[in-house]
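Below is one structure, written out as structure tokens; the observations come after it.
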Amino acid sequence: MKIIASLLRFPYTRIKSPSLFFWLLVSYMTIVILLVSFILYSVVFYRGTIKEEVIAYNNVNLNNTMENYEAKIQLIENAVLSFSLNEDIAALDKPNFDYAAGGKLIDEIQIYLANQSLFLENMIVYFKKSNVAIEKTRGADADVMFKRYYVSKTYGYEFWQQQFDNLYVKRILPNAVFSELEFTSKRVSERKLIPIVIKNQTTPSVYIIALIDAQKMYKAFHQSITDDFYILDDAQRSFFTTVNNQQSHFPVLEGSHGYVKMDTNYYFYKKGELTGLTYVNVIPDDSIVSQMKWNITFVILLVLSVLFSMLVSFLFSVRFNRPVKQLVQSIQQLTTGFPWQKHSGIKEFAFIQERVRHLLDSNFDISQNLEEKNSLLRHYAYINQLKNIRNNTGFLKDLIKSNHPYRVVLFKLTFRPQLLEEIDDDEERATLFIRAYIDKILTERYPDSLTLQLESDQLLAVIYSDHAEHKLAETLDGFRIVLDLDRAYCFSTMAVSKRYEQPDEFNLSFEQTKSLIQHRKFNDYNQVLWAETEPKLVNYFLMPAQEEEINASLNNGNESQLVQFMKREIAGLRKKEATEHEVKAFISIVVDRAKRAYVVNHLDAELLQTLQSRLQHSHTFEELEHLFEEWLPSITNLIKSKKEKKDHITSFVFDYLENHYAHDITLDMMADKLNITRSYLSTYFKEKTGTYFVDYVNLIRVSRAKELLSRSDVKIQDAAARVGYQNINSFNRMFKKFTGVTPSEFRKVERV
């Protein structure tokens, strides 16, 4: 009453600027009214079509039942026909039956019947020459089998003998009750079965009787509100009926599908195209009427729920409006005298809008500056997301067809610089041309194949090759021959995964190809790698004696000894046909030792950077050996010339750290050994080397730890202790600082 009185007292004001409570209540009521209107319209409009909808629903149910029956019968026929091609069956077709070999056939029948989805109760193999029948548990003379173990009034022993004289490949027989006789002639184990007779033309004196469990198939496929279900043959004779439901007379069923009403029943029928059987579902007329009444009851319940929703809408509006009203009152107390300007149609929101406007104005400059910085951050974030998306192939599993055998092929392309200079283009464009050629060949031979470009030098192909591995091998060998024509400019590695069938296994297959790429032999030939022959990945690392040899050669500028060491190591790698992964590990160790020599001798890093750039484009042992022969004299000459101007303080620090990096080393200790102050040593070392003393100590330790972690027999904790870190957290922090990754992440990359 207070609300009504208030509306009457200030009608103009409230209409001009209604409150939030008013808008909420009106909005909810509008939705409720529209819903009620829709329901009333639906009841009036669709009431006359409910019966047709129910009929359509029963037609769809019967159609699903028919399709399930037809598909399952065809599957059983094909499965049994495939089983009839078993070589053991032909071998047993002799006048003198081999019961020992028959035992093996019984085992195979049991394995075949283990597939519950076929609904097979048993399979009987009938051999005419020996008059022997074999089933899942026994073998016996045919007259014993059909007169004792599988006794049927409809299908007796004479019936099964006559089937050898009838010319057909497969035949579906009406269901019948089969039972087993005890010695007292009492029938036991009665089962209602549908026999399917399958003959193989190659062995006409043998046929197989597949006995389908009719009740199990009925329970699996029949979906209806009643159990009155029938299967009829072409003459509308009963082929199968449900238990305790015998129909003596059916109406005339015209056409292949439809429904007929006779007396108080509806007869829905559908004829199968594969078997020629007609499936009939009988629905009483009162069942359809009861469904119509149930729909009307549903509408009544829905109307009641709408009324309840109106009450809830009112209570919710009141509850939502209360805190907003309190907020407005608080703002009024804090900003008394502020000019009132309305922009929103709801007065509470308009009031709040004006009171916070001055906050927005005062922070505009700050927000604008922040937005510019955020824009730059978003730019880098988008780039990072694009990189993540590009490197993430998990979304591709949605493109894989279920239950279709497939293999994943990863193409890794290596371009020589002269190719990109001649075509005046980048790697991504060159890869695009090769992708077009590969995709054309694959789609011709495998129409469902899929070829994608993952990176500027990587292609991914999904090939549905089934069991034809030799055909796929020929295709990939063809790619290899074509790419060999341009081997001076580009060569490739083709990694082929194992055979998979499920989309969820795509990530596994892709990771398998990425791992397989690491097994490429170090040369510039096009190579095809198969997952079935994937060997164990080997890492290269220096033995202590080798480490001392290369360090001494570099630090002393001994060119001949250094060249001899390189030739010996390269010759060893060439002899055992080392993988590209192993050779790159060797190069990485050599470059790392060279970096340390450069730091120790204060050399310009330009020569080393040139070497690293050229090493990236060295793909044969000849190129690698030639490059080291060209580069080693240059660095040794620089080291020799620098040694003539040897600095006593830094040389002592370098030599001491090289031999004692695993000990506890501090700046104070080194200053004491040199008989100088701590601050002088720190400043002097930084000026001469450009590196802080502590950073150089950690650089030496992390470099040695990388070599230890590349060996699988050294634990992370042991590696940390052996290079001088007693605290594993300090080791992890320093390792990530100098390498960009944690020790565990580094080891994962090395193992891949």
Side-chain angles (χ1 to χ4, degrees), residues 34-75 117 119 172 175 194 214-306:
L34 289 174
L35 183 58
V36 171
S37 301
F38 174 77
I39 293 173
L40 293 176
Y41 174 81
S42 300
V43 171
V44 174
F45 183 80
Y46 292 105
R47 186 174 182 180
T49 61
I50 293 178
K51 183 175 181 178
E52 286 72 14
E53 291 295 328
V54 174
I55 291 174
Y57 169 80
N58 282 281
N59 277 323
V60 170
N61 273 347
L62 181 62
N63 186 64
N64 291 336
T65 300
M66 181 275 298
E67 290 179 349
N68 288 332
Y69 264 97
E70 293 288 297
K72 187 61 65 175
I73 290 175
Q74 185 181 29
L75 177 63
S117 64
F119 300 104
I172 307 174
N175 83 108
I194 299 176
Q215 289 299 323
K216 285 186 178 180
M217 186 176 287
Y218 162 74
K219 292 177 181 178
F221 296 152
H222 181 65
Q223 299 176 356
S224 178
I225 60 176
T226 67
D227 293 330
D228 291 339
F229 177 71
Y230 304 87
I231 301 178
L232 309 178
D233 59 13
D234 290 337
Q236 293 194 12
R237 291 172 299 189
S238 176
F239 187 88
F240 168 76
T241 62
T242 55
V243 179
N244 300 326
N245 283 275
Q246 298 294 332
Q247 184 77 15
S248 59
H249 177 66
F250 281 93
V252 177
L253 307 178
E254 298 179 352
S256 61
H257 65 279
Y259 72 92
V260 176
K261 183 179 181 183
M262 187 177 75
D263 299 329
T264 59
N265 293 329
Y266 281 85
Y267 294 81
F268 295 88
Y269 62 94
K270 178 76 174 182
K271 187 174 183 179
E273 296 180 358
L274 298 174
T275 63
L277 300 174
T278 301
Y279 303 83
V280 181
N281 194 25
V282 181
I283 306 295
D285 183 51
D286 56 353
S287 296
I288 295 180
V289 174
S290 65
Q291 292 186 32
M292 293 173 60
K293 291 180 179 178
W294 182 84
N295 285 331
I296 295 174
T297 303
F298 172 77
V299 172
I300 294 173
L301 292 175
L302 188 57
V303 170
L304 292 176
S305 67
V306 169

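If you read the sequence from its start, that first residue is 1, and numbering goes on from there.
When side chains are defined from C-beta on, Leu232 counts as touching Leu253, because their heavy atoms get closer than 4.5 Å. Contact annotation: the side chain of Ser117 approaches that of Lys72 to within less than 4.5 Å [non-hydrogen atoms, C-beta and beyond]. At least one side-chain heavy atom of Thr275 sits under 4.5 Å from a side-chain heavy atom of Ile172.
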| task | Give the C-alpha distance, both sets of side-chain angles, the deciding distance and a yes or no for side-chain contact (heavy atoms from CB on, under 4.5 Å) between Phe240 and Gln215. | result | CA-CA 10 Å; Phe240 168 76; Gln215 289 299 323; 4.2 Å; yes
| request: Would you check, one step at a time, whether the test ring-ring contact (aromatic ring centres under 6.0 Å, His included) holds for Phe221 with Phe229? | output: CA-CA 11 Å; Phe221 296 152; Phe229 177 71; 10.0 Å; no
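Of all non-hydrogen atoms in Phe239 and Asn175, the two that sit nearest each other are O-ND2, 2.5 Å. A pairwise comparison of heavy atoms in Asn281 and His222 identifies OD1-CE1, 3.3 Å as the closest pair. For the pair Val260 and Pro251, the tightest heavy-atom approach, listed with the atom from each and the gap, is CG1-CB, 3.9 Å. Nearest heavy-atom pair, Gly255 versus Tyr269, reported as atom, atom and distance to 0.1 Å: O-CE1, 3.8 Å. Annotation for Phe268 and Asn59: closest pair CD2-OD1, 3.2 Å, computed over non-hydrogen atoms.
For the atom pair Tyr69 OH and Phe119 CZ, the distance stands at 9.0 Å (nearest 0.5 Å). With rounding to the nearest 0.5 angstrom, the OG1 atom of Thr65 is 10.0 Å from the CG atom of Asn58. Summarising the geometry, atom CG belonging to Leu62 is positioned 8.5 Å from atom NZ belonging to Lys270; distances are rounded to the nearest 0.5 Å. Separating the CD1 atom in Ile231 from the OH atom in Tyr218 is a distance of 10.5 Å, to the nearest 0.5 Å.
Atom OH of Tyr259 is surrounded by 12 or fewer heavy atoms from other residues, nucleotides or ligands within 6.0 Å.
When each of Glu67, Glu70, Lys271 is paired with Tyr279, the side-chain hydrogen bond (donor to acceptor under 3.5 Å, both in side chains) condition holds for Glu70 and for no other.
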